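Presented below is the structure to which this report refers.
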Amino acid sequence: MTADAVTALDVAFREIADGDVEQVVALWEACGLTRPWNDPRLDVADARRTPTSTVLVGVSGGQVVSSAVAGYDGHRGWLYYVAVDPQHQGGGLGRATVGAAEEWLRRQGVRKVRLMVRHGNERVLGFYDGLGYTDSECVVLGRDL
Ligand SMILES: CC(C)(COP(=O)(O)OP(=O)(O)OC[C@H]1O[C@@H](n2cnc3c(N)ncnc32)[C@H](O)[C@@H]1OP(=O)(O)O)[C@@H](O)C(=O)NCCC(=O)NCCS
């Protein structure tokens, strides 16, 4: 965390607005969450397309400083793109952002939440462990439609 870093207390959480999209994409790029095969603007648009998913942003001083994509698939809630601006990491904002996303899911009537951590990003496992997330002991399979 830098000297002028914001803390969770300085941040308001809300659903993304049109004017936030480029800041959110920049945040995901700064956090190393983008991949060549995922168009981040399309991912934002997809999450905003249905009432059961959203992009939540943490905002401080008019700037997007954190994000989480939350969605309900009819059985579970899922989190994606959990990100805190590198300048503001380590001050409780990640915990608050996940909490805001969980609260959004709860309001949709969701009882369980899951998330995936990419191989190579194991360093975040300790963060999620501290938030009560445990290994679901599943192998995630996928196929493009
Ligand atoms: C993961 C991330 C969101 C955490 O955000 P953050 O603001 O640094 O986290 P917080 O300050 O809220 O940390 C909450 C707690 O987790 C702990 N923690 C944070 N990172 C940790 C780590 N890598 N290992 C162990 N504990 C960790 C903190 O010490 C803190 O503990 P405390 O509440 O006992 O003080 C942030 O590092 C990030 O954006 N990383 C890059 C993007 C990414 O990998 N996202 C996850 C995709 S699955």
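When a residue number appears, it is its place in the shown sequence, counting from 1. Because the structure is predicted, anything quoted here is derived from the model rather than measured. In each ligand, atom 1 is the first atom listed, and ligand 1 is the first ligand listed.
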Donor-acceptor pair, distance only, cut-off 3.5 Å: does the side chain of [X] make one with the backbone of [Y]?
X      : Y      : value
Asn38  : Pro40  : no
Arg123 : Gly120 : no
Asp10  : Thr7   : yes
Ser53  : Gly71  : no
Gln108 : Thr52  : no

Looking at [atom], is any protein heavy atom nearer than 4.0 Å to it?
atom                    : result
atom 25 (C) of ligand 1 : yes
atom 29 (O) of ligand 1 : no
atom 13 (O) of ligand 1 : yes
atom 46 (C) of ligand 1 : yes

Where ligand 1 meets [X] - atom numbers and elements under 4.0 angstrom, heavy-atom basis:
X      : result
Gly91  : 11 (O)
Ala83  : 39 (O)
Gly126 : 24 (N), 25 (C), 26 (N)
Tyr128 : 46 (C), 47 (C), 48 (S)
Gly92  : 10 (P), 11 (O), 12 (O)
Val124 : 1 (C), 44 (O)

Heavy-atom contacts under 4.0 Å between Asp129 and ligand 1: side chain, backbone, both, or neither? neither
What part of Leu33, side chain, backbone, both or neither, has a heavy atom within less than 4.0 angstrom of ligand 1? side chain
Examine Val59 and Leu27 and state if one hydrophobic cluster contains both, with Ile, Leu, Val, Met, Phe, Trp and Tyr joined whenever side-chain heavy atoms are less than 4.5 Å apart. yes
Are Val64 and Val84 connected, step by step, through hydrophobic side chains (Ile, Leu, Val, Met, Phe, Trp, Tyr) whose heavy atoms are closer than 4.5 Å? no
Under 4.0 Å between a side-chain nitrogen and a carboxylate oxygen: does that hold for [X] and [Y]?
X     : Y     : value
Arg48 : Glu15 : no
Asp20 : Arg14 : yes
Asp46 : Arg49 : yes

Paired with Ser67, the side chain to side chain donor-acceptor pair (under 3.5 Å) test is passed by just one of Trp28, Tyr81, Tyr80, namely Trp28
With a cutoff of 4.0 Å, is [X] in contact with ligand 1, counting heavy atoms of the residue only?
X      : answer
Gly90  : yes
Arg118 : no
Tyr80  : no

Quick one: look up the protein heavy atom nearest [atom] and list residue, atom name and how far away it is.
atom                    : result
atom 20 (N) of ligand 1 : Phe127 CB, 3.7 Å
atom 44 (O) of ligand 1 : Asn121 ND2, 2.9 Å
atom 5 (O) of ligand 1  : Gly94 CA, 3.5 Å

Nearest heavy atom to atom 43 (C) of ligand 1 wins, so pick from Val82, Asp85, Val84. Val82
Nearest non-hydrogen atom to atom 33 (O) of ligand 1 belongs to which of Gln89, Arg95, Arg123? Arg95
Distance-minimising heavy-atom pair for Arg76 and Val110: C-CG1, 4.2 Å
Arg95 and Phe127: which non-hydrogen atoms are nearest, and at how many Å? N-CE1, 3.7 Å
With nothing but distance in play, are any N or O atoms of Met116 less than 3.5 Å from an N or O of ligand 1? no
